[in-house]
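Beneath this line is the structure, given in structure tokens, with notes to follow.
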Amino acid sequence: MIRHLLAAGDLDASTATRMLDTAGEMASLADREVKKLPTLRGRTVVNLFYEDSTRTRTSFEVAAKRLSADVINFSAKGSSVSKGESLKDTALTLQAMGADAVVIRHSASGAPYRLAQWIRGCVVNAGDGTHEHPTQALLDAYTMRSRLGRLAGLNVAIVGDVLHSRVARSNVALLHTLGAKVTLVAPPTLLPVGVGAWPCATSYDLDATLPDSDVVMMLRVQRERLTAGWRDSFFPSEREYSRRYGLDAARLRRMPDHAIVMHPGPMNRGVEITAEVADSPRSTIVEQVANGVSVRMAVLYLLLGGSS
Ligand code: CP
């Protein structure tokens with residue numbers, strides 16, 4: 001088993017499949033009255049979050065607690081980071097308190113790699129800048145496999161702000177490894193330079209892509225990264241963006257009957273997805289969150305030395 005989980009691109013098919021299979025075993029715990037395993041008793045997991053999060057931070061916390069680990073939640077807001085303390089000094093301080101694993105979210109792409117050079121424990125990337133979010137890709141793959149029974153050969157459309165999306169990068173890497181076919185759908189301004197070298201297809205036409213898709217994964221328009229002066233150069237208006245790239249009930253009807261709708265959250269309802277679609281039975285958005293706990297339990301269990 002790998003020591004750190006820094007990027008979905010680092011996972012080979014056998015390691016990724018083992019993580020998904022172990023997540024399946026962890027999911028069976030959710031149906032029990034007592035949802036805890038003693039596996040990580042005496043181990044300490046630090047959630048080191050320099051960027052806001054709802055789903056990832058809380059699900060890592062629930063996952064670690066269900067495995068009986070001690071959990072330290074560190075948020076840069078309200079810490080000595082505001083006094084200028086560096087990532088390295090913060091990490092070494094937390095290590096001195098006995099961290100066995102550090103789950104890090106940071107706005108700088110590559111921060112988890114630096115951390116892995118500085119500390120002795122396992123490092124899990126919980127989202128770094130626009131680079132990667134590997135546990136999101138694992139929980140997305142787990143959700144697809146649970147709903148559709150397989151990953152190999154699935155047609156997965158990932159739609160929207162690919163340029164700023166670490167979720168898209170991680171999903172392209174992992175789904176390619178596991179045999180799915182990914183098409184990135186976005187306006188040309190929201191596709192990264194060099195996307196032609198990624199192991200996926202690209203399209204500017206959502207309506208043409210929908211009828212062949214088994215999975216349609218909508219991405220959040222990352223308003224905070226489309227800084228004020230630049231915004232107009234990515235697309236003319238949010239209304240125009242929704243008209244071309246938003247998923248509404250009419251577009252849902254163009255998808256095959258078995259196809260599912262995914263979104264990593266947080267959503268901009270009314271921009272990339274309508275409330276009607278987000279809340280429809282074909283949406284797996286809430287299921288993705290529940291699966292995130294099982295997947296993160298599997299990741300912590302396997303990295304911290306469990307066997308399955
Ligand atoms: N999907 C995701 O990473 O959500 P949070 O930012 O709430 O963690």
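Counting convention: from 1, in listed order, for ligands and their atoms alike. Sequence positions, counted from 1, serve as the residue numbers for this chain. Just so you know, these numbers use all the heavy atoms, side chains as well, and skip hydrogens, waters and symmetry mates.
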Under the side chain to side chain contact (heavy atoms under 4.5 Å, CB included) test, residues paired with Lys77 that sit two or more places apart:
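With neighbours one apart ignored, the set is Asp52, Ser75.
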
Phe49 six-ring face occupied by Arg105 cation (under 6.0 Å, within 45°):
no

Residues in salt bridge (Lys or Arg N to Asp or Glu O under 4.0 Å) contact with Arg43, at least two apart in sequence or another chain
Asp100

Counterpart residues, salt bridge (Lys or Arg N to Asp or Glu O under 4.0 Å), relative to Arg114 (two or more places apart)
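Scan of Arg114 (salt bridge (Lys or Arg N to Asp or Glu O under 4.0 Å), adjacent residues dropped) gives none.
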
For ligand 1, list every N/O pair with the protein closer than 3.5 Å, one pair per line with the distance.
| unit_1 | atom_1 | unit_2 | atom_2 | d |
| --- | --- | --- | --- | --- |
| ligand 1 | 1 (N) | Gln136 | OE1 | 3.1 |
| ligand 1 | 1 (N) | Pro264 | O | 2.9 |
| ligand 1 | 1 (N) | Gly265 | O | 3.1 |
| ligand 1 | 3 (O) | Thr56 | OG1 | 3.0 |
| ligand 1 | 3 (O) | Arg105 | NH2 | 2.9 |
| ligand 1 | 3 (O) | His133 | NE2 | 2.9 |
| ligand 1 | 4 (O) | Arg55 | NE | 3.0 |
| ligand 1 | 6 (O) | Arg105 | NH1 | 2.8 |
| ligand 1 | 7 (O) | Thr54 | N | 2.8 |
| ligand 1 | 7 (O) | Arg55 | N | 2.9 |
| ligand 1 | 7 (O) | Arg55 | NE | 3.1 |
| ligand 1 | 7 (O) | Arg55 | NH2 | 3.1 |
| ligand 1 | 8 (O) | Ser53 | OG | 2.6 |
| ligand 1 | 8 (O) | Thr56 | N | 2.9 |
| ligand 1 | 8 (O) | Thr56 | OG1 | 2.6 |
| ligand 1 | 8 (O) | Arg105 | NH1 | 3.4 |
| ligand 1 | 8 (O) | Arg105 | NH2 | 3.3 |

Does a side chain donor of either Thr143 or Asp140 reach within less than 3.5 Å of an acceptor in the other side chain?
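Thr143 vs Asp140: no donor-acceptor pair found between side chains.
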
Donor + acceptor pair across side chains of Asn47, Asn73 (<3.5 Å):
yes

